[in-house]
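Okay, structure first, notes after.
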There are 2 protein chains.
Amino acid sequence: MEEPLGRGLTPKARRTRERILEAALELFADRGYEATTMRDVAREAGASLGLAYRYFASKEEFALALYMGLAEESEEWARDGLAAGTVAERFEWAMLVKLDQVSSHRGPLAALLARALDPNSRLSALGEGTAGVREKMGGVFLKVVSGASDAPREKQARELGNVLYALHLAILLYWFHDKTPEARATRELVGSARETLRYLRPALRLPPMSRVLSRLAGALNDIGMNTTGPSRGEPRRA
Amino acid sequence: MEEPLGRGLTPKARRTRERILEAALELFADRGYEATTMRDVAREAGASLGLAYRYFASKEEFALALYMGLAEESEEWARDGLAAGTVAERFEWAMLVKLDQVSSHRGPLAALLARALDPNSRLSALGEGTAGVREKMGGVFLKVVSGASDAPREKQARELGNVLYALHLAILLYWFHDKTPEARATRELVGSARETLRYLRPALRLPPMSRVLSRLAGALNDIGMNTTGPSRGEPRRA
DNA sequence: TCTCATAAATGAACACGTTCATTTTTGTTG
DNA sequence: CAACAAAAATGAACGTGTTCATTTATGAGA
């Protein structure tokens, strides 16, 4: 994914891209991600196979475009829909909103996540291909923390934001495996996360727990999970 | 994977299976997992393409067989190589041994993990196809906990063992993305995990932290991540 | 309107994982 | 040894994601 949306494209190209993306998402919703072939997508969009590949480098790129759309929604919501409260409460809200958002897109997102966790994939959650989404969603969790009533100051807030971003990925991973109706198990897990955050929050003032957080954030940074821009924040060491 | 090893097979079949597996692992080590085709494997083993599929239902099955072998090694090591110490220390040792073990098999294991995290895959970490490895490695971490000098009693020990098993998967996931030489970042992360366990261990006696652990273990159980046998331990609810 | 470079679009071809109808080998029984 | 069922082995064929050489449209400048 070069740009958040098809910027730098001719109007005609943008329309075509949009048409193909719509066809893809519709088919995914109908028959599922795996069962939808690239040829199906092209036919449905009234385009040729090659054309689909002109705008989307791979099948998973459709899923990435979908997730990018959701991330943009999240960003808007975080800007003016996020109520006041503690870090724990705001994290829970953000996650519940995310779960609602994501609930009707299991198939494509599962395929995306599988690739996102593969370091070799062009769509690795840590690679360049996903820097856009990472920044967007990372920003959301930074806001969750920094706007909270019990927000830590500067440095720790950034660390906590990053860790919560990672936690959000872990919870989504859990959700993919959650077969309970309405994702009840996942919602309970989110509740547990809220409780745990509430219980541990005071301990963040103490050096041992503060160090744990720093190390965790440092570890994420070391493998390139930085939500603060594409090339900034190089690993601490070679 | 039906059986830990090719049990229930004719001697000839077992030999053939072994020959094909060896060819596969050798090629994976040489040119990498993705770059090795099933046709390559068959040719190298002096077999036909179809024959390879007679013994391995898919390409990833090779990786699963590899991991099964490693899990067996781990089990033996846990039986008589695991020194006395606290849960925190023993967990660190187990992870460091695992990292050494795994260090020369990045490619195939990365491919396996990508599938293992995909709920739809036959090789999902939570599915039947992987029950064998899960039991083996789960048993290792149960032993890590229950044999420790500061082991909690019965129920909590089982919970902690399961959570550490899950943590071990998370750390392996981290390792796949770790580009530092000798997996230095991962080793540091393991050190941090040891510190954190040491710091939090006493809190497990207190109700709030004990509840956190129970919930976490329950959450894992809810999605079928049970290391205590194939069909036992059904989800707590529909 | 004509020219022509650039963008858009095409679809045949490829590679690779996987399937399966068929053939060959093996071992057992009379 | 002959007959034959079961196991082992074969390789052609298929589906699908992806590539790319080629063709067709578009629009700006003369």
Side-chain angles (χ1 to χ4, degrees), chain A residues 1-3 6-21 23-24 27-28 31-65 107-108 111-112 114-115 118 120-123 129, chain B residues 1-3 6-21 23-24 27-28 31-65 107-108 111-112 114-115 118 120-123 129:
Chain A
M1 161 149 270
E2 314 82 54
E3 294 295 319
R7 255 193 308 219
L9 290 185
T10 304
K12 178 174 193 192
R14 191 156 40 235
R15 273 199 313 276
T16 306
R17 191 194 126 100
E18 208 52 40
R19 187 160 43 97
I20 294 174
L21 179 57
L27 286 175
F28 292 165
R31 9 178 141 160
Y33 179 80
E34 305 287 354
T36 303
T37 75
M38 289 297 281
R39 285 164 180 80
D40 291 337
V41 171
R43 194 174 331 110
E44 185 75 11
S48 70
L49 184 55
L51 192 57
Y53 276 96
R54 184 178 165 81
Y55 294 105
F56 297 91
S58 71
K59 191 178 173 185
E60 293 123 18
E61 205 101 343
F62 288 124
L64 184 59
L112 178 63
R115 300 302 183 263
D118 179 353
N120 304 317
S121 165
R122 216 180 60 78
L123 286 92
Chain B
M1 158 146 276
E2 313 85 50
E3 295 292 322
R7 256 193 308 221
L9 289 186
T10 304
K12 176 172 196 193
R14 190 155 43 234
R15 274 200 312 278
T16 307
R17 192 194 125 100
E18 208 52 40
R19 187 161 43 96
I20 293 174
L21 179 56
L27 287 174
F28 292 166
R31 11 179 141 162
Y33 180 80
E34 305 287 354
T36 302
T37 75
M38 289 297 280
R39 284 163 181 83
D40 291 337
V41 171
R43 195 176 329 112
E44 184 75 10
S48 69
L49 184 56
L51 192 56
Y53 277 96
R54 183 177 166 81
Y55 295 105
F56 298 90
S58 71
K59 190 178 173 183
E60 293 122 20
E61 206 100 345
F62 289 123
L64 184 59
L112 178 63
R115 300 299 183 265
D118 180 352
N120 304 318
S121 166
R122 215 181 60 79
L123 285 94

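Throughout, a chain's letter reflects where its sequence line sits, starting with A, and its residues are numbered from 1.
- The side chain of B:R54 contributes no N or O atom lying less than 4.0 Å from OP1 or OP2 of D:dA9.
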Using a cut-off of under 3.5 Å, enumerate the N/O to N/O pairs linking the protein to nucleotides 15-19 of chain C.
{"from": "C:dG17", "atom 1": "OP1", "to": "B:K59", "atom 2": "NZ", "distance (Å)": "2.9"}
{"from": "C:dG17", "atom 1": "OP2", "to": "B:M38", "atom 2": "N", "distance (Å)": "2.9"}
{"from": "C:dG17", "atom 1": "N7", "to": "B:R39", "atom 2": "NH1", "distance (Å)": "2.8"}
{"from": "C:dG17", "atom 1": "O6", "to": "B:R39", "atom 2": "NH2", "distance (Å)": "2.8"}
{"from": "C:dT18", "atom 1": "OP2", "to": "B:Y53", "atom 2": "OH", "distance (Å)": "3.0"}
{"from": "C:dT18", "atom 1": "OP2", "to": "B:K59", "atom 2": "N", "distance (Å)": "3.1"}
{"from": "C:dT18", "atom 1": "O4", "to": "B:R39", "atom 2": "NH2", "distance (Å)": "3.4"}

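- We find that CD1 of B:I20 is positioned 12 Å from C1' of D:dT10, with the value rounded to whole Å.
- Here the OG1 atom belonging to A:T36 is positioned 6.0 Å from the NZ atom belonging to A:K59, to the nearest 0.5 angstrom.
- Of the side-chain N and O atoms in A:T16, one or more sit less than 4.0 angstrom from OP1 or OP2 of C:dA9.
- Side-chain contact check for A:R19 versus A:Y55: every heavy-atom pair is 4.5 Å or farther apart.
- The side chain of B:K12 contributes no N or O atom lying less than 4.0 Å from OP1 or OP2 of C:dG27.
- Residues meeting the ring-ring contact (aromatic ring centres under 6.0 Å, His included) test with B:Y53, sequence neighbours left out: none.
- Whole-Å rounding puts the A:L9 CG to C:dA9 P distance at 11 Å.
- Regarding B:R43, its CZ atom lies at a distance of 14 Å from the C1' atom of D:dG11, rounded to whole Å.
- In this structure, NZ on B:K12 lies 7.5 Å from CZ on B:R15, to the nearest 0.5 angstrom.
- Legend: residues meeting salt bridge (Lys or Arg N to Asp or Glu O under 4.0 Å) with A:R43, ordered by chain and number and at least two apart, are A:D40.
- Residue B:T10 places at least one side-chain N or O closer than 4.0 Å to OP1 or OP2 of D:dA8.
- For the pair A:F56 CZ and D:dT19 C1', the interatomic distance rounds to 18 Å; values are reported in whole Å.
- Residue A:Y55 contributes atom OH, which lies 17 Å from atom P of D:dT19 at whole-angstrom precision.
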